[in-house]
Structure formats: C-alpha cells, structure tokens
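The sequence lines fix the lettering, A, B, ..., with proteins before strands; numbering per chain opens at 1. Atoms considered below: every heavy atom in the structure, side chains included; atoms not considered: hydrogens, waters and symmetry mates.
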Amino acid sequence: MGGILVELEAYAPDDPASHSFNGRTARNAAMFGPPGTLYVYRSYGIHWCANVVCGPEGVGAAVLLRAAKPTHGLDEMRARRGIDDLRRLCAGPGCLTQALGITGDHDGEPLDRLPFELRGAGSTPAAGVVTGPRVGITRAADLPWRYSLRSSLFVSRPRPRA
DNA sequence: GTATTGATCTTCT
DNA sequence: GAAGATCAATACA
C-alpha cells in the first residue's frame, strides 16, 4: 500500500520543538542515524509518528510525514483505519502510520530497501507548495516549517483555503 | 460547521 | 508528576 505525500514538517537539531534538541536518547536514537532512516516514535501514548532522517548522520534532523493521498492498497488501509473516507485515510501523522502499518518495530529501518520504497513525485510544481506554522507544538511554533500541497484535499489540519 | 475532551505511554523534571 | 510533533467522539452554533 502507499500514497503520495502531501504534507510534511521539518525538524532541525537546533529547533526547540525537535526531539533531537536535547541530545540523543534511547527514543530518538534513530533520528541521529544516516539519511533515509525511518524514525518512529509514540505520540500521546496512542499513535505512531513516522519521520525520515534527512540531515547528515549524527546531526539529528528529520522530516515528519503528516499526510498523504492514498493511491495503493486502499482496501487494506481502510480495514486498518476502520473508516471509508479517502480524505481522512492518511490525514495526520498517526493516521498515516496506522494506514501504512508502520509501528515502533520499524524504528531505525532504512527506507531505501524493501519493504519500503520512497520516490520523488517528479512533476510536483513548486508553486503548488504552501508553507505555514507547524501543528501541535508549543515551542518554536512560529517557524513556517510545515509544507503541504496547496491544491490537495488530503492534508490534515486546517483545510488550506484554495 | 467549529470547539472541547478522553484515551494512554514515554520521557523529562 | 507533568507534558507532549494526536485522533475521534461528543457538544454546541
């Protein structure tokens, strides 16, 4: 199963909102791995959230996967999520991981080999990307490090207007 | 349609 | 002992 990522958030090592801000711990160890590593953590004790390490190894920079447009394995994802609405299937970090079947077991796994496959969208126009404040954080909330496709109906939080 | 609240666990104070 | 990169159900306009 899979989809087109339509919403992301950036987290840097010198960013107070980032898990890597206070240094390496048992939980965020994967965040300091080589680029392309999957970093999975438990959120609010209930959900799993997936990140892709994107900085050099040992730095602690990653991108949070927030939402996607489902394209493959729809029935499988619907079964896992328990809902039919395509728009909400992957609308949010916790939803996305649940739909894709990502759990803490995948923490630290490389994304450049099976069972994962990560590809560039290729034709996505830069003009279609809109930035804004990140969601659900209290520190450094003013940084416009949330990136989403403007025209997509599949983004999570506030419905970006037009 | 928007606003509010419960569920539930890991980490840090 | 409190807070947190959340979701979904319930309450209200």
Side-chain angles (χ1 to χ4, degrees), chain A residues 1-33 35-55 58-70 73-109 111 116 118 129-150 152-162:
Chain A
M1 58 225 90
I4 301 175
L5 295 171
V6 297
E7 186 176 348
L8 307 167
E9 278 178 10
Y11 287 90
D14 59 349
D15 167 12
S18 173
H19 284 178
S20 60
F21 183 67
N22 289 318
R24 184 175 189 147
T25 68
R27 180 181 89 196
N28 64 21
M31 209 168 165
F32 292 86
T37 299
L38 185 64
Y39 164 48
V40 183
Y41 71 94
R42 197 183 280 293
S43 171
Y44 289 82
I46 303 175
H47 309 285
W48 292 109
C49 290
N51 300 251
V52 177
V53 178
C54 57
V59 168
V63 169
L64 168 69
L65 310 182
R66 285 197 56 87
K69 170 185 176 180
L74 302 187
D75 291 338
E76 177 75 22
M77 293 198 284
R78 273 200 260 251
R80 282 185 182 152
R81 297 273 295 109
I83 60 173
D84 279 345
D85 191 349
L86 260 191
R87 272 196 221 180
R88 296 191 185 160
L89 213 49
C90 298
C95 297
L96 186 66
T97 55
Q98 187 181 6
L100 295 179
I102 297 176
T103 70
D105 290 342
H106 300 110
D107 186 41
E109 294 279 309
L111 283 170
F116 302 105
L118 187 60
V129 177
V130 59
T131 66
R134 291 177 292 182
V135 176
I137 58 174
T138 56
R139 288 170 291 183
D142 54 316
L143 294 174
W145 285 359
R146 172 180 180 228
Y147 301 85
S148 55
L149 287 189
R150 183 205 305 230
S152 178
L153 294 174
F154 297 91
V155 297
S156 62
R157 268 305 195 103
R159 229 148 287 246
R161 304 198 319 148

With sequence neighbours excluded, residues passing side-chain hydrogen bond (donor to acceptor under 3.5 Å, both in side chains) with A:E109: none
Detail all sub-3.5 Å separations between protein N/O atoms and N/O atoms belonging to nucleotides 10-13 of chain B.
none

Min side-chain heavy-atom separation A:Y147-A:V129 under 4.5 Å: yes
Separation of atom CG in A:L89 from atom C1' in C:dC7, rounded to whole Å: 14 Å
Check: A:R88 main-chain N/O paired with A:R81 side-chain donor or acceptor under 3.5 Å: yes
Identify each atom pair where a protein N or O and an N or O of nucleotides 2-8 of chain B are less than 3.5 Å apart, giving names and distance.
from: B:dT8; atom 1: O2; to: A:Y44; atom 2: O; distance (Å): 2.7

A:D15 CG to C:dG4 P, straight-line distance once rounded to whole Å: 14 Å
Over all atoms of both residues, closest heavy-atom pair of A:L38 and A:N51: CD1-O, 3.3 Å
Residues forming a side-chain contact (heavy atoms from CB on, under 4.5 Å) with A:P93, sequence neighbours excluded: A:C49, A:L64, A:R66
Centroid under 5.5 Å and tilt under 30°, A:Y41 to C:dA5: no
Separation of B:dC9 C1' from A:H19 NE2 (nearest whole Å): 13 Å
Donor on one side chain, acceptor on other, A:Q98 and A:R80, under 3.5 Å: no
Sequence neighbours excluded - salt bridge (charged side-chain N to carboxylate O under 4.0 Å, His left out) pairs with any residue from residues 130-139 of chain A: A:D15-A:R134
Salt bridge (Lys or Arg N to Asp or Glu O under 4.0 Å) against A:D107, all qualifying residues, sequence neighbours excluded: none
pair A:S148-A:V6: side-chain heavy atoms closer than 4.5 Å: no
Secondary-structure stems for DNA chain C, with pairs counted as Watson-Crick or G-U when both distances are under 3.5 Å and runs at least 3 long: B:1-7 with C:6-12, B:9-12 with C:1-4
Partners meeting ring pair (Phe, Tyr, Trp, His ring centres under 6.0 Å) with A:F116 (sequence neighbours left out): A:H106
Partner set under salt bridge (Lys or Arg N to Asp or Glu O under 4.0 Å) for A:R42, not counting sequence neighbours: none
A:D14 versus A:F21, closest heavy-atom pair with distance: C-CD1, 3.8 Å
Residues in ring pair (Phe, Tyr, Trp, His ring centres under 6.0 Å) contact with A:Y11, at least two apart in sequence or another chain: none
A:T138 vs C:dA3: side-chain N/O to OP1/OP2 distance below 4.0 Å: no
Interatomic distance, A:W48 CH2 vs C:dA5 P [rounded to whole Å]: 16 Å
Inter-nucleotide C1' distance (C:dA8, B:dT10), Å rounded: 22 Å
Given C:dT6, C:dG4, C:dA5, the nucleotide with the shortest approach to the side chain of A:L64: C:dA5
Selection: residues 76-85 of chain A, any non-hydrogen atom under 4.0 Å of DNA chain B: none
Protein-nucleotide distance (A:R87, atom CZ; C:dA8, atom C1'), rounded to Å: 18 Å
With sequence neighbours excluded, residues passing side-chain hydrogen bond (donor to acceptor under 3.5 Å, both in side chains) with A:H19: A:R27, A:Y39
